Amino acid sequence: MKRTIYFLPSEILEITESLKGGGVGVFPTDTVYGLGGRADKLSVIRKIYRLKKRDKNKPLLILVSSVAM
């Protein structure tokens, strides 16, 4: 079952500021929940590895909107 979630502008601002500041977000995908955060902050990358209990030798995926990004 697909579900659409709507956020108020103030909630979007709060989420954006949290991610900019080094927070980690959880979001649903078609099959699993994903963790997301800034790929340019080592502290965020470490936090995601810790939360996932992921082996440090296994890389994380980085999704970008363009080659230039």
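The first residue in the sequence is number 1, and the count goes up from there. Bear in mind that the values here come from a model prediction, so they are computed numbers and not experimental data.
The hydrophobic cluster of Leu42 has no other members, since no ILVMFWY side-chain heavy atom comes under 4.5 Å of it.
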Using residues 58-69 as the side-chain source, report each donor-acceptor pair under 3.5 Å to any protein atom, sequence neighbours left out, with the distance given to one decimal.
from  : atom 1 : to    : atom 2 : distance (Å)
Ser66 : OG     : Met69 : N      : 3.2

If you look only at distance, which donor and acceptor atoms sit under 3.5 Å apart when one is on a side chain in residues 13-24 and the other is two or more places apart or in another chain?
from  : atom 1 : to    : atom 2 : distance (Å)
Thr16 : OG1    : Ile12 : O      : 2.8

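The same ILVMFWY cluster, assembled from side-chain heavy atoms under 4.5 Å apart, contains both Leu35 and Tyr33. Both Val26 and Val44 belong to a single network of hydrophobic side chains, linked directly or stepwise wherever heavy atoms of I, L, V, M, F, W or Y lie under 4.5 Å apart.
Arg54 contributes atom CZ, which lies 10.5 Å from atom CD1 of Ile48 (distance to the nearest 0.5 angstrom). Annotation: the span from Lys56 atom NZ to Arg50 atom CZ amounts to 8.5 Å, rounded to 0.5 Å.
Here the closest non-hydrogen pair linking Ile45 and Arg38 is CG1-O, 4.4 Å. Among all heavy-atom pairs drawn from Leu8 and Glu11, the shortest one is N-OE1, 2.7 Å.
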